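Report on the structure given below.
Reminder, nothing fancy here: chain letters follow the sequence lines and each chain counts from 1. Note that the structure is predicted; figures quoted are calculated from it, not measured.
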There are 2 protein chains.
Amino acid sequence: MKLSAGVEWAVHCCVVLSEAPAPVPAPRLAQYHGVSRTYLAKHLQQLSRAGLVRSTEGRVGGYALTRPADEITVLDVVLAVEGPEPAFRCTEIRQNGPFPATGEACLRPCGVARAMWAAEDAYRASLRGVTIADLAGGVRQDAGADVFDRVRGWLATS
Amino acid sequence: MKLSAGVEWAVHCCVVLSEAPAPVPAPRLAQYHGVSRTYLAKHLQQLSRAGLVRSTEGRVGGYALTRPADEITVLDVVLAVEGPEPAFRCTEIRQNGPFPATGEACLRPCGVARAMWAAEDAYRASLRGVTIADLAGGVRQDAGADVFDRVRGWLATS
DNA sequence: GGCTGCCTACTCGGATACACATTGTCCGAGTATCGTGGG
DNA sequence: CCCACGATACTCGGACAATGTGTATCCGAGTAGGCAGCC
């Protein structure tokens, strides 16, 4: 069980985008976070496909959020990058071997899968309770109330 | 985010072991579940290293649980197979780029990591609430109260 | 008949190949801006 | 001075390699039981 590093990048990028007044190009986001330009672009494409961000082409193009930051949850970002399918995949091994589960018992998922999926529901519910706006507020608390003013100034220049 | 297939195998094996009166060899467990003998052995080794099962060598050897089934949680098995480290790995990208987080703000994990780890705590808490004994009871409900009697008979023969 | 010793067969454990997913990179298609020329 | 047009530079998007982890396998070390021989 290992999450892609792109998840971390994508969430941080969404926080920055939530405070940016104009579309931000992928290379600028990569420079800001000190990560690979081309690889970050790949993850931004995934966010675009999931409908979380909207891309603008052309000279002053870039990425921008499609919804207010308080309507985008961390779960949305994680599912966009990691894919929506659950991490646990039941292969129905109870139907193998000398004692295969019979038809009627297989109408419901086996107990192992139910326990695993219930845990994933709890995981997702926790992530669903945190929005990008919440994270931006946390950054303000940690780094000072004017941190995003400085960021906006840097995005406008250079 | 993708769990190893060995997690499913390991949990099912623990359920069987919880009802077995004697140590069960790895090849027998593999045959019962219809999976690869050698690969299942690898995961049983991980359970052994984690202290969940005890291996007995020799002619009538095999694997047996080290604790009562109601004292082994699904979380124990998942951590034994997948490793104890959390799925989300914070690379501290907030310390990169033109606006690196300064010393005192870094004493606490960044908000992104806190949200991700809180979700993992919820995930683990859910798995901690289900024991191998619970799963065995579920199998009895789904497949009949005498299912493990048949299994014990099969384990003794052939 | 009982005991001792050896042999055998079975077990686990770690070391060894293969496949796929993640990571990382590159180049091409498309578009809005900027500058220039004309009216 | 205003407008239309074209060139340009910048953007995103998908197609293409390298690395790491999961998957699958094999063989060697060790042990307990079973059998034969001996007392």
Next on the checklist: B/R124 vs B/D121, test: salt bridge (charged side-chain N to carboxylate O under 4.0 Å, His left out). Steps then yes/no.
Outcome noted: CA-CA 5 Å; B/R124 297 189 176 196; B/D121 284 343; 5.7 Å; no
Examine [N]: is either OP1 or OP2 under 4.0 Å from a nitrogen or oxygen in the side chain of [X]? Give yes or no.
{"X": "A/T56", "N": "C/dT31", "result": "no"}
{"X": "A/R49", "N": "D/dG14", "result": "yes"}
{"X": "A/Y39", "N": "D/dC16", "result": "no"}

Next on the checklist: Under a 3.5 Å threshold, yes or no: a donor from one side chain and an acceptor from the other, between A/T131 and A/E71?
Outcome noted: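 No pair is found: no donor N or O on one side chain lies under 3.5 Å from an acceptor on the other.
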Which part of the nucleic acid, if any, lies within reach of [X] when heavy atoms closer than 4.0 Å are counted: base, sugar-phosphate only, or nothing?
{"X": "B/A41", "value": "nothing"}
{"X": "A/A26", "value": "sugar-phosphate"}
{"X": "B/P23", "value": "nothing"}
{"X": "A/G62", "value": "sugar-phosphate"}

Rounded to the nearest Å, what distance is computed from the [atom1] atom of residue [X] to the [atom2] atom of nucleotide [N]?
{"X": "A/K42", "N": "C/dT22", "atom1": "NZ", "atom2": "C1'", "value": "9 Å"}
{"X": "A/L3", "N": "D/dG20", "atom1": "CG", "atom2": "C1'", "value": "16 Å"}
{"X": "A/L47", "N": "D/dG13", "atom1": "CG", "atom2": "P", "value": "11 Å"}
{"X": "A/Q46", "N": "D/dG14", "atom1": "CD", "atom2": "C1'", "value": "13 Å"}
{"X": "B/I93", "N": "C/dT23", "atom1": "CD1", "atom2": "P", "value": "13 Å"}
{"X": "A/K2", "N": "D/dT23", "atom1": "NZ", "atom2": "P", "value": "12 Å"}
{"X": "A/L44", "N": "D/dT11", "atom1": "CG", "atom2": "P", "value": "13 Å"}
{"X": "B/Q31", "N": "C/dC10", "atom1": "CD", "atom2": "P", "value": "14 Å"}

Closest to side chain of [X], choosing from [options]:
{"X": "B/S48", "options": "C/dC12, C/dT16, C/dG13", "answer": "C/dG13"}
{"X": "B/Q45", "options": "C/dT22, D/dC16, C/dG14", "answer": "C/dG14"}
{"X": "A/S36", "options": "D/dC12, C/dT23, C/dG24", "answer": "C/dG24"}
{"X": "B/R59", "options": "C/dT23, C/dA9, C/dG13", "answer": "C/dA9"}
{"X": "A/T38", "options": "C/dA15, C/dC12, C/dC26", "answer": "C/dC26"}

Checklist entry - Is it true that A/E19 and A/R140 make a salt bridge, defined as a side-chain N closer than 4.0 Å to a carboxylate O? => result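 Answer for the salt bridge query: yes.
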Next on the checklist: Regarding C/dG13, can its base be found pairing with the side chain of B/E57 as donor and acceptor, where the two atoms are less than 3.5 Å apart?
Outcome noted: no
Checklist entry - If you find the nucleotide of DNA chain D closest to A/R89 and the one closest to A/S55, which residue's nucleotide is nearer the 5' end? => result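 So the residue in question is A/S55.
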Next on the checklist: Looking at every heavy atom in both A/Y63 and A/S55, which two are closest together, and how far apart are they?
Outcome noted: CE2-CB, 3.7 Å
Checklist entry - Pick the nucleotide of DNA chain C nearest each of A/W9 and A/G58; which residue has the one closer to the 5' end? => result A/W9
Next on the checklist: Which is more 5' along DNA chain C, the nucleotide nearest A/S4 or the one nearest B/P25? Just name the residue.
Outcome noted: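 Of the two residues, B/P25 wins.
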Checklist outcome for this item: By side-chain hydrogen bond (donor to acceptor under 3.5 Å, both in side chains), A/T102 pairs with (sequence neighbours left out) none
Item to check | Between CZ on residue A/R67 and CD1 on residue A/I72, distance to nearest 0.5 Å | outcome: 5.0 Å
